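Throughout, protein chains are lettered first and strands after them, A, B, ... in sequence-line order, and every chain is numbered starting at 1. Bear in mind the structure is a predicted one, so any value in this text is a computation, not a measurement.
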Amino acid sequence: MHIIVCVKQTPAGENVSVDQNTGCIIRSGESALNPFDEFAIEEAVRVKEKTPGSKVTAVTMGPPQAEAVLREAVARGCDGGVHVCGREFAGSDTWATSYALSQAVKKLSENDPSVLVFCGKQTNDSDTGHIGPQMAQWLGWPGAAFVRKLEAVDGKSVRVQRLMEDGYDVVEMPLPAVLSVIKEINTPRIASLKGRLASKKAQFPKWSAAELGCDPAKLGLDGSPTSVVRCFTPPQRASNTVKIQGETAADKARNLSAALKEAKIL
Amino acid sequence: MANIRVQENRCTGCGQCVPVCPVKCITLGPRPGGPKGPFEKMAVIDTAACTLCKACVSACRALGEKSCNKDLFSAIEIQEAAAGGDFSAYRGVWCVAETRRGQLSPTALELLNIGAKLAAALKEPLCAVLAGHGVEKFAAELAEHGAEQVYVIDAPELKDYLDEPHAAALAALINAKKPNKVIFPATTMGRTLSARAAILANTGLTADATELDVDAATGLLRVTRPTFGGNLMATITCRKTRPEMCSLRPLTYPKAEKNPKPLAVERFTPEAGALACKSSYAGFVSEESGELDIGGAEVIVAGGRGVGGPEGFKLLHELAQALGAAVGASRAAVDSGWVPYRHQVGLTGKTVKPKLYIACGISGQVQHMAGMSSSDIIVAINKDPDCPLMKQAAYAIEGDLYEVVPELIKTLKNPS
């Protein structure tokens, strides 16, 4: 089985702040692996460990420096990676990004039906969750998002639990398929020393739009249906906190309840 | 191909664009024509590394808007292909009415509320879409809340939610009827369904909106949404294709008031084979019977590290029951195993927007705030009066939650 995991380099969450003057995000620290992708990589590696004769390939799309997340993926147990890279991809929205990635998955799978693709739930910079389902649609493959557990997987099919608002659904599908996983699915391991050493030596092929056989009209800023027209900082909450007073806990509870009733919240 | 450039005559070399670049591809370099007055340097963009994200464009434009010298700033521009096409055949605002397990989701009426405003601004009809099996019975409720037309796709293949047939059904209807705007609920189902439908209908999609309006001049749908975990808001449009589609975060708008329209149902049958599906539905497991989901709850009682253990959450469940509320939790409480992941509020959990959020023993780390700061009213109960959530809250109680919460339950159960 060929397991493919899609990853993205994003600004590390703790290093993001907002410039109050320009209303723009300031990325003070380093970029890192999208935190939601850690669960996708871990699940991909776990499936590989359970399935003899399988391998894991990480795929990322991004500028040259995004290669760092492929190294991170190898350190965490992936066997290799490919880098979808080129000017023609710049400015892609989720529609165009999922198209480019689906072309890379197609090239990697080479008509082998025994392919399982993992994605994180979403990225921490755009929070859309579109890429997994959209890739599946471009490929014409089945899939599921918000996957909390793999109940069974072999080279032919997979059965998953999908977290819903009122419980979870069990969904079965034949391979090839695309799954987006949530944090509940596993606890990612830290990279092993062996993995770190392998990641230092790893070489990652760079795939251009031409090598992927992409239609140039579907790529980049020009190929993207949506575009950002304005960015701004969210309005600050008025922080005129009312401190609920009272001698005892019972007084405070009564006073809170009265205040909420007076404000017609309860 | 789209390209980015810095206009030398407008760039002051102030360097404000350098730290906003997520890929660090902007540096300050010498001006090609030598120093110009006080300006020795200018921004230089390494276009091989640039992802055309427009962060620098926004930063420089913001400085331009504040500057009194209109010849400076707004220096970075991106040349894009012009949007073209005649979209006059696309008419109507559609709201996708979600049903699950024989119930109409409350999000359907929330969508009709904002949908009616958009339709009025465009002078176009407001329509609702029902896709499922045995769902036509909900059409009357949608008409009663303002839907002038209800499209119904009823097929046994659509009985349970599976990505493939639902997306195919919706896309077939969109391609046949050509709506102008389509709004989905940003629920588990709506997020996935809209993503697939956008590929099949060959159009753009914006996720998890928290504000929708129509640009008066162009009639474009302006979709505003949080990014970077709520640190930044972005307004996104879809100029190049139709319909313009988005998903809308639950509880963003109140449910539509009654505004009865004559019931007008149009049944739609996709072509034979269009709903073929490789995946199959193998069952549903209700995790905790009778518990409300935090995503759709109007009141949430949430606990954090300060709760101290699983027994504390029993107390919070009791308070939640007294209030008709859902139980939320911080990442610390979930990672400690005190409460299952489905309760987690925050960056790696769910984003919620209840009317009332009662935070018990939660200090309010940025990751948690990202998931709940858009709540209407926040109440914090904490021993530490100086923690971020106690300062952000509308009402703050300094005290031990194990003393305050039982008293609160008593007060709510026996109002004097």
Please classify the contact of A:Ser98 with chain B as side chain, backbone, both or neither, using a heavy-atom distance under 4.5 Å.
side chain

How many angstroms lie between atom OG of A:Ser257 and atom NZ of B:Lys410, to the nearest 0.5 angstrom?
13.5 Å

If one checks every heavy atom of A:Ile265 against chain B at 4.5 Å, the contacting part turns out to be side chain

Toward chain A, the part of B:Glu80 with a non-hydrogen atom under 4.5 Å:
both

As a quick check of understanding, evaluate side chain to side chain contact (heavy atoms under 4.5 Å, CB included) for A:Leu221 and B:Lys54, giving each step before the final call.
CA-CA 10 Å; A:Leu221 198 63; B:Lys54 300 186 182 171; 4.2 Å; yes

In terms of heavy-atom proximity below 4.5 Å to chain A, should B:Leu412 be classed as side chain, backbone, both, or neither?
side chain

Taking the side chain as every heavy atom from C-beta outward, state whether A:Leu256 and B:Leu408 have any atom pair closer than 4.5 Å.
yes

Given that the side chain runs from C-beta out, which part of A:Ala258 has a heavy atom under 4.5 Å from chain B: side chain, backbone, both or neither?
neither

Quick one: do A:Asp93 and B:Lys240 satisfy salt bridge (charged side-chain N to carboxylate O under 4.0 Å, His left out)? Show the steps, please.
CA-CA 13 Å; A:Asp93 72 354; B:Lys240 299 170 190 167; over 6 Å; no

Grab the two heavy atoms, one from B:Lys391 and one from A:Thr241, that are nearest each other, plus how far apart they are.
O-OG1, 2.9 Å

Where the side chain of A:Glu172 meets the backbone of B:Ser280, is there a donor-acceptor pair that is under 3.5 Å apart?
no

Please confirm whether the backbone N or O of B:Thr348 pairs with a side-chain atom of A:Lys121, one donor and one acceptor, at under 3.5 Å?
no

Can you tell me which portion of A:Phe146 sits under 4.5 Å from chain B's heavy atoms? Options are side chain, backbone, both or neither.
side chain

Could you check whether any side-chain heavy atom of B:Glu407 comes within less than 4.5 Å of a side-chain heavy atom of A:Thr248, counting everything from C-beta outward?
no

With a 4.5 angstrom heavy-atom cut-off, is it the side chain or the backbone of A:Leu266 that approaches chain B, or both, or neither?
side chain

Just checking, any donor-acceptor pair under 3.5 angstrom between side chains of B:Lys24 and A:Gln65?
no

With a 4.5 angstrom heavy-atom cut-off, is it the side chain or the backbone of A:Asp222 that approaches chain B, or both, or neither?
both

Under 4.5 Å from any heavy atom of chain B - which part of A:Gln245
neither

Does the A:Glu165 side chain pair with the main chain of B:Thr188, one donor and one acceptor, at a distance under 3.5 Å?
yes

Looking at B:Ala282, B:Pro385, B:Gly399, which has the largest count of heavy-atom pairs under 4.5 Å with chain A?
B:Ala282

Under 3.5 Å donor-acceptor, A:Arg87 side chain and B:Thr47 backbone
yes

Given heavy-atom pairs under 4.5 angstrom as the criterion, report whether the side chain, backbone, both or neither of B:Val379 touches chain A.
side chain

Under 4.5 Å from any heavy atom of chain B, what part of A:Lys218 do you find: side chain, backbone, both or neither?
neither

So do the side chains of A:Trp95 and B:Asn202 get within less than 4.5 Å of each other, counting heavy atoms only?
yes

Any donor-acceptor N/O pair, A:Arg230 side chain to B:Met233 backbone, under 3.5 Å:
no

What I'd like to find out is whether the side chain of A:Asp166 reaches to under 4.5 Å of the side chain of B:Gln103, using heavy atoms alone.
no

